[in-house]
Amino acid sequence: MIKAVTGTKDILPQEISRWKYLEDLVRQIFSSFNYKEIRTPVFEETILFARGIGEETDIVGKEMYTFNDKSNTSLTLKPEMTASVVRAFIEHSLGKQQPLNKFYYISPMFRQERPQAGRQRQFHQFGCEALGSTSPLLDAEIIIAAYEILNRLNLKDLKVKINSLGVPESREAYKNILKRHLEVKKHLLSEDSRKRFDKNILRIFDSKVESDQEIIDNAPKLIDYIDEESRKDFEIVKELLSKNNIPFEVDAKLVRGLDYYTKTTFEIISGKVGSQSALCGGGRYDLLIEQLGGAPTPGVGFAAGIERILLACENEKTLLLPEERIDLYIVRMDSELTQKTFELASYFRKESLKVEIDYLDRSVKAQMREANKLNAQFVLFVGGEEYKSNKFNLKFMKTGEQKDYPVDNAGEIKSFILQNISI
RNA sequence: GUGAGCGUAGCUCAGCUGGUUAGAGUAUCAGGUUGUGGCCCUGAGGGUCAUGGGUUCAAAUCCCAUCGCUCACCCCA
């Protein structure tokens with residue numbers, strides 16, 4: 001049997017309603033903030049991600065789906081969206097048409113990692129990017145939008161963590177301070193953290209090793225060493241979040257794995273999705289666009305994992321979706337009337353009713369069982385005595401009431417159904 | 001890339017220390033009198049017990065390998 005590739009999943013009709021519910025909500029919220037949808041190709045030239053995300057990151061270093069096409073160009077399935085949006089922004093000179101551009105997206109992403117709870121190789125994210133302003137209003141705005149979406153899903157066990165990484169100059173200065181502080185304790189760190197010490201010292205803060213924790217907790221924090229402007233902006237972000245009733249906490253250890261972040265970073269985590277608790281993460285990236293060849297343009301954005309969010313919804317049982325139903329099931333009582341049934345179904349479908357009929361030449365009893373299973377609001381019986389006297393019989397399933405209608409007046413049946421399906 | 005656990009009907013699982021035709025619930029299908037659902041009852045179909053090899057008189061059950069799945073680490077959404 002041929003199965004879906006490791007780390008990929010089919011989304012079956014049964015679960016589609018949950019996806020659509022979330023997607024509709026995402027569109028609605030972003031739209032209320034006047035973000036415009038953008039769609040970019042699923043693959044890009046590899047160099048875009050290598051430059052945009054950073055050669056040293058794990059994503060670029062070991063997780064990308066990279067292949068050569070027939071003309072030997074190295075292509076990569078997008079592992080995240082920011083680089084693609086920025087590429088499109090630069091390519092179409094969108095910054096020249098208006099000074100501020102606000103985009104949102106819903107899209108599959110690809111990362112070759114070992115799957116586990118809340119992690120797949122093809123997964124889906126929604127998110128946004130606001131390009132063209134350094135205003136901390138935008139930092140706050142995207143956090144509020146992200147929180148609003150999760151909040152509307154009735155998720156309870158949420159934590160918003162924020163931090164500021166400052167500008168590169170202040171961060172480099174801090175790194176030296178941190179290096180000096182940790183140098184003497186280096187031999188006490190875990191093997192992974194010792195590697196990070198040389199490669200990307202900030203990542204030591206991500207360590208989950210307990211013995212590292214103590215050392216980390218006593219180390220100087222980046223947030224205390226950031227530049228004046230970053231500090232002021234961070235204060236404004238915190239103030240705006242408070243005024244909007246976003247329960248957040250400053251986490252000085254929140255550094256994030258992508259190279260392009262500056263100033264504000266944030267994460268929203270849930271305790272209900274296994275060990276991959278981050279539902280959402282993002283921050284400011286004021287230097288990325290220039291780095292990718294565009295005019296110097298500041299940006300902020302975030303990405304949220306759809307599978308993780310749905311997993312949290314499932315574990316918290318927060319999603320109360322309306323049960324599936326159809327408006328009308330047409331029961332064929334005599335096999336000679338099969339085409340008549342089909343014709344009637346076409347008529348009611350054109351009138352925007354949700355209609356089903358039998359295709360398996362089954363008994364009336366079987367058709368009724370099917371109608372019940374489909375949660376049909378009405379059943380129309382075609383055939384038998386009534387049909388001989390030019391009548392159809394309509395049954396209202398909820399009450400069991402039945403009534404005859406003349407065969408040449410399907411319009412009356414339609415009106416009656418339309419009047420009663422809203423109940 | 002590393003580690004642990006698990007693979008028996010569509011789904012959830014039982015099958016004790018190896019013993020003969022592999023079970024249940026659920027789902028599916030057909031019936032429960034002449035043309036009507038939900039509850040209930042009866043019956044039917046459906047499994048090369050992941051695959052390959054080994055031990056044994058005998059393997060779903062023990063051993064090995066392969067594949068797959070799950071969870072965790074790394075990292076991230």
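Heavy atoms only: backbone and side chains are in, while hydrogens, waters and symmetry mates are out. Numbers restart at 1 for each chain; the letters A, B, ... are given by sequence-line order, proteins then strands. Small disclaimer: the values here were computed from a predicted structure and weren't measured.
Glu80(A) comes within contact range of no nucleotide atom at all, as no heavy-atom separation falls under 4.0 Å. Within the 4.0 angstrom heavy-atom criterion, base atoms lie near Gly118(A). Ala371(A) comes within 4.0 angstrom of no nucleic acid atom, judged by non-hydrogen atoms across all strands. Within 4.0 Å of Gln120(A), counting heavy atoms only, lies at least one base atom of the nucleic acid. Using a 4.0 Å heavy-atom distance criterion, Glu113(A) is classed as a base contact.
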TODO: Any chance you could lay out the side-chain hydrogen bond (donor to acceptor under 3.5 Å, both in side chains) test for Glu129(A) and Thr82(A), step after step, and finish with the verdict?
DONE: CA-CA 7 Å; Glu129(A) 315 290 347; Thr82(A) 305; 2.9 Å; yes
- [ ] Please assess Ser164(A) against Ser230(A) for the test side-chain hydrogen bond (donor to acceptor under 3.5 Å, both in side chains), listing each intermediate value before the final yes or no.
- [x] CA-CA 7 Å; Ser164(A) 177; Ser230(A) 297; 4.8 Å; no
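Taking atom P on both A14(B) and C75(B), the two are 37 Å apart, rounded to the nearest angstrom. Only the P atoms considered, U17(B) is 12 Å distant from U61(B), to the nearest whole Å.
Between the side chain of Gln276(A) and the base of C75(B), a donor-acceptor pair under 3.5 Å is found.
Between Tyr104(A) and Phe30(A), the ring-plane angle classifies as parallel under the 30° and 60° cut-offs. Note: Phe396(A) and Phe378(A) have parallel aromatic rings, judged against thresholds of 30 and 60 degrees for the angle between ring planes.
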Task: Dot-bracket summary - RNA chain B, pairs being Watson-Crick or G-U whose distances fall under 3.5 Å, with | when paired to another strand - done: (((((((..((((.....[...)))).(((((.......))))).....(((((..]....))))))))))))....
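A residue-by-residue look at Val273(A) and Gly305(A) shows that Val273(A) has its nearest nucleotide of RNA chain B further toward the 5' end.
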So which protein nitrogen or oxygen atoms get under 3.5 Å of nucleotides 68-70 of chain B's nitrogens or oxygens?
from   : atom 1 : to      : atom 2 : distance (Å)
G68(B) : O2'    : Lys3(A) : NZ     : 3.0
C69(B) : OP1    : Thr6(A) : OG1    : 3.3
C69(B) : OP2    : Thr6(A) : OG1    : 3.2

TODO: Between protein and nucleotides 35-49 of chain B, map the contacts as a letter string: B base, S sugar-phosphate only, - none, heavy atoms under 4.0 Å, written 5' to 3'.
DONE: BBBB-B---------
